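These numbers come from the heavy atoms of this one structure, side chains and all, not from hydrogens, waters or symmetry mates. Given the structure is predicted, the values throughout are model-derived calculations rather than measurements. Below, chains carry the letters A, B, ... as their sequence lines are ordered, and counting in each starts from 1.
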Amino acid sequence: MAFENKYVQQRIEKAQLLKEAGFNPYSNDSQRNTTIEKYLNVNEDIENKENKRDENRHYIVSGRIKLLRIMGKASFVKIEDESGMLQVYVARDNLPQDFYNTIFKKHIEVGDIIEVEGYPFITGKGELSIHATALKLLTKAIAPLPEKFHGVTDKEIRYRKRYLDLIMNAEVRKTFQTRSKVISLTRRFFEDKGFLEVETPMMHPIPGGANAKPFVTHHNALSIDRYLRIAPELYLKRLIVGGFEAVFEINRNFRNEGMDATHNPEFTSIEFYWAYKTYKDLIEITKEYFQYLFEHLDLPSRLPYGELEVNFNNFMEIPLIESLTSVGGVPAEVTNDKEKIINFLKSKNITVKPKLNLGQLQGELFDEFVEEKLIDPTFITEYPVEISPLARRSDDNPAITERFELFIAGREIANAFSELNDPIDQYERFKGQVDAKDAGDDEAHEMDEDFIDALSYGMAPTAGQGIGIDRLVMLLTNEHSIRDVLLFPAMKPISNEKEEEEK
RNA sequence: GUCUUGUUAGCUCAGCUGGUAGAGCACGUCACUUUUAAUGAUGUGGCCGAUGGUUCGAAUCCAUCACAGGACACCA
């Protein structure tokens, strides 16, 4: 099946002919001495030179051929390296005997990676280019590139063959460069604040730290199952018990659940834990973090996102119950009464699951009427305790927790709270989860006795926060599908029926 | 999981109420020494996602399946 395509055949033939003519189609002898970006910068002054050229300057650049215009005895070639695109002027009479006609015109084509030796000059149409005095093939591409104008737009091809997407779409490369910067800046921000980066297990004996279905794998040496982690939380808190006072981890979590525009089975988050602090300190450091990102990524504080414009100068803070009325338009007298909420939801044609408690119903109201309206960054605080099983209760009001979620552009970006550090309370909450699990909730939390043990030794009062890096990058790059910020998003394998038959 | 829209040449796409396929780019050949998606001439290229059905006849109609996009549900 491989290489049977006729265009591929043609190119394989060309590679063979090159080999026979003494030119290695996969040469390992690159002499590149500058990047395209540097070449273009350094030679900006050529404009002022006589004849707009300088034959005394000498450069060797490399790149993939993206465009090829052959015009008889001279040609224009656009080559691209990671730093940019450069036009190469190739003229028959400036190259070794016969090279232009027998090698260049016949066997070098779009997609190939070449190396060009030459000097800078500006063409009649005003484009700074390189005038080739020698040209060498570095790598023969035997597969043809997609069309030069439309490129590749088919999402399936773009995700399955990300390399092609990256070759063809410069803006895709840009998105992933931004992603890389976000992670690097995040690391630097927390390190500068005195946080210690740590690595905790990715394979857990007991999945914990979130309510989600885990992936299961098997460890042969111990004959036990392991779970790919759904969150690092419980291990990071063990480190706070151990005496580290500020830790963070940036890494992958795995959840065995559905996939859509905002969910991939493996996703990246940062979680950080900060001893002797509360969620109020987290609000401050979160604002600072965004300021730091915007400054270093050179983003406008009024950030466009799709149809929206998000004003990052306008961080707001609203208690959840208050937001139901002030943002969601739910009458104030409804928001603290179970029956009234149920009737209100029913009057809006929203089906309500039976047996929800007040906190859960308030959560429903929030999801239905508030979340999507929170465009500018908004910290929603004072979550009901019923929907915040890992958060510390407020000392002033035991019905609510010291917690916030940060919403931007109608989407949850971060979740944070002052941590529960009472081992007995934690034990009781785990037990409640185990009961729920026995009652059929397969996403309920497992009992983790070692974690209870850890808390028993005493964990300093601590605040902790998680930020979804993928969704953050989506926001900062104006992308609307998580697949567009993951280099290799999860895809179903293609089952090739013909291949099966052949076996 | 449900609904919905796609799947035609290497790529981007046409193809009406059924009569066994078309363009542009790419590729081959020819011309052309300053082009900018170069141009002009000419040619090659397809199991129309898969399987079954209806029909004298299916890219087109129907069913099932596969994969993808979108929406909804689930994921506190």
Side-chain angles (χ1 to χ4, degrees), chain A residues 4-11 13-14 52-53 66-78 85 87-95 100 105-106 109-111 121-127 129 131 141-161 164-165 167-168 210-213 230 255-265 267 351 353 356-357 359-364 366-367 371 383-391 403 405 412 415 433 436 441-445 480-481 483-484 489 491-498 500-501:
Chain A
E4 71 193 7
N5 176 283
K6 70 167 215 169
Y7 299 105
V8 172
Q9 281 298 330
Q10 249 171 38
R11 283 169 170 257
E13 241 168 77
K14 289 185 182 186
K52 297 195 173 184
R53 64 186 58 217
K66 297 298 288 287
L67 285 168
L68 191 52
R69 293 186 280 273
I70 296 179
M71 308 176 5
K73 298 179 187 64
S75 300
F76 290 91
V77 186
K78 292 264 185 175
M85 183 101 79
Q87 176 168 269
V88 182
Y89 179 67
V90 184
R92 184 190 68 182
D93 299 338
N94 293 300
L95 290 173
Y100 183 82
K105 268 168 73 174
K106 292 288 177 189
E109 55 206 316
V110 172
F121 81 115
I122 292 179
T123 64
K125 296 281 160 70
E127 181 167 344
S129 308
H131 195 124
I142 62 170
L145 285 184
E147 200 235 4
K148 62 185 172 190
F149 188 55
H150 299 93
V152 56
T153 59
D154 183 281
K155 286 198 165 157
E156 186 167 358
I157 298 177
R158 290 188 42 227
Y159 298 148
R160 286 192 197 277
K161 303 191 171 197
L164 250 195
D165 190 24
I167 289 172
M168 299 307 295
N211 292 27
K213 288 178 207 140
I230 54 177
R255 296 189 184 173
N256 204 340
E257 289 166 353
M259 294 154 61
D260 61 30
T262 55
H263 296 83
N264 195 66
F267 63 98
T351 49
K353 276 183 242 155
L356 291 188
N357 56 43
Q360 289 170 321
L361 286 166
Q362 288 166 335
E364 287 288 315
F366 181 82
D367 291 347
E371 180 166 359
Y383 272 68
V385 71
E386 298 97 316
I387 54 173
S388 312
L390 296 165
R403 173 183 178 193
E405 289 196 0
E412 181 194 337
N415 182 18
Q433 289 287 305
D441 180 357
D442 56 1
E443 291 190 353
H445 210 290
H480 295 257
S481 167
R483 295 180 201 97
D484 290 318
M491 300 289 280
K492 267 201 195 182
I494 309 167
S495 65
N496 193 326
E497 288 165 30
K498 277 185 188 168
E500 297 285 318
E501 283 167 23

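Rounded to whole angstrom, the span from the NZ atom of A:Lys66 across to the P atom of B:A26 amounts to 14 Å. Atoms NZ (A:Lys6) and C1' (B:A26) sit 10 Å apart, rounded to a whole Å. The distance between atom CG of A:Leu68 and atom P of B:C32, rounded to the nearest whole Å, is 17 Å. In this structure, NZ of A:Lys492 is placed 7 Å from P of B:G1, rounded to the nearest angstrom. When the C1' atom of B:G40 is taken as reference, atom CE of A:Met71 falls 13 Å away, rounded to whole Å. B:C67 atom P lies 8 Å from atom CZ of A:Arg160, rounded to whole Å.
Taken from CD in A:Glu405 to CG in A:Asn415, the straight-line distance is 4.5 Å, to the nearest 0.5 Å.
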Taking N or O atoms only and anything under 3.5 Å, show me the protein contacts with nucleotides 4-8 of chain B, one pair per line.
none

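For B:U36, there is no paired nucleotide, since no Watson-Crick or G-U wobble pair has both relevant distances below 3.5 Å. With a cut-off of 3.5 Å on both Watson-Crick or G-U wobble distances, the partner of B:C67 is given as B:G6. Base pairing analysis places B:G46 opposite nothing; no Watson-Crick or G-U wobble pair with both distances below 3.5 Å involves it. Using Watson-Crick or G-U wobble geometry with both donor-acceptor distances under 3.5 Å, B:C75 finds no partner in any strand shown. In this structure, B:U29 forms a base pair with B:A41, meeting either the Watson-Crick or the G-U wobble geometry with both donor-acceptor distances under 3.5 Å. Using the Watson-Crick or G-U wobble rule with both distances under 3.5 Å, B:U55 pairs with nothing in any strand shown. Remark: B:C11 base-pairs with B:G24. Criterion, Watson-Crick or G-U wobble with two distances under 3.5 Å.
Comparing atom distances between the A:Pro144 side chain and each of B:U34, B:G10, B:C32 picks out B:G10 as nearest. Listed nucleotides: B:C27, B:C25, B:U36. Nearest to the side chain of A:Val110: B:C27. Of the candidate nucleotides B:C27, B:U35, B:C30, B:C30 has the atom nearest to the side chain of A:Lys106. Nearest nucleotide to the side chain of A:Phe149, out of B:U33, B:U36, B:A37: B:A37. Set against B:U33, B:C30, B:C67, the side chain of A:Tyr89 has B:U33 as its closest nucleotide. Across B:C27, B:U35, B:C11, the shortest atom-to-atom separation from the side chain of A:Lys14 is found for B:C27. For A:Lys125, whose side chain is taken as the heavy atoms from C-beta onward, the closest listed nucleotide among B:U35, B:C13, B:U33 is B:U35. Here the side chain of A:Arg92 is nearest to one of B:U33, B:U34, B:C67, namely B:U33. With B:G10, B:U36, B:U33 as the choices, the nucleotide that has an atom nearest any side-chain atom of A:Lys78 turns out to be B:U36.
Nucleic acid contact for A:Met168: none, since no nucleic acid atom lies under 4.0 Å from a heavy atom of the residue. Residue-level contact check: A:Phe121 touches the bases, meaning some heavy atom is under 4.0 Å from a base atom. The residue A:Ile70 sits close to a base: some heavy atom pair falls under 4.0 Å. Heavy atoms of A:Gln87 sit under 4.0 angstrom from at least one base atom.
B:G45 and B:A9 have their C1' atoms separated by 6 Å, with the value rounded to a whole Å. B:A41 sits 49 Å from B:U54 when the P atoms are compared, rounded to a whole Å. On the P atoms, B:C65 is 11 Å away from B:C3, given to the nearest whole Å. Of the P atoms belonging to B:G43 and B:C48, the separation is 25 Å, rounded to the nearest Å. A distance of about 15 Å separates the P atoms of B:A50 and B:C67, rounded to the whole Å. Taking atom C1' on both nucleotides, B:C30 is separated from B:U34 by 22 Å, rounded to a whole Å. The same atom, P, is picked in B:U17 and in B:G69; the two are 29 Å apart, to the nearest Å. Atom C1' of B:G15 sits at a distance of 8 Å from the matching atom of B:A21, rounded to the whole Å.
In this structure, the side chain of A:Lys106 does not engage the main chain of A:Lys14 through any donor-acceptor pair within 3.5 Å.
Per the stacking criterion (ring centres < 5.5 Å, plane angle < 30°), A:Tyr7 does not stack onto the base of B:G10.
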Quick tally for nucleotides 70-76 of chain B: nucleotides whose base has a protein heavy atom under 4.0 Å get B, sugar-phosphate-only ones S, the rest -, giving S--BBBB
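Annotation: side chain to side chain contact (heavy atoms under 4.5 Å, CB included) contacts of A:Glu386 (sequence neighbours excluded): A:Asn357, A:Leu358, A:Pro384.
Under 3.5 Å, the side chain of A:Thr123 and the base of B:U35 form at least one donor-acceptor pair of N or O atoms.
Here the closest non-hydrogen pair linking A:Arg403 and A:Tyr383 is NH1-CD2, 3.6 Å.
The side chain of A:Lys148 places an N or O atom within less than 4.0 Å of a non-bridging phosphate oxygen (OP1 or OP2) of B:A38. A sub-4.0 Å separation between OP1 or OP2 of B:U35 and a side-chain N or O of A:Arg69 is absent.
Ring geometry for A:Tyr89 against A:Phe76 counts as tilted: the plane angle lies between 30° and 60°, on a 0 to 90° scale.
Residue whose closest nucleotide on RNA chain B sits further toward the 5' end, between A:Glu109 and A:Lys73: A:Glu109.
Glycosidic conformation at B:U20 (O4'-C1'-N9-C4 for purines, O4'-C1'-N1-C2 for pyrimidines): syn, within 90° of 0.
A:Val110 places none of its side-chain heavy atoms less than 4.5 Å from the side chain of A:Lys148.
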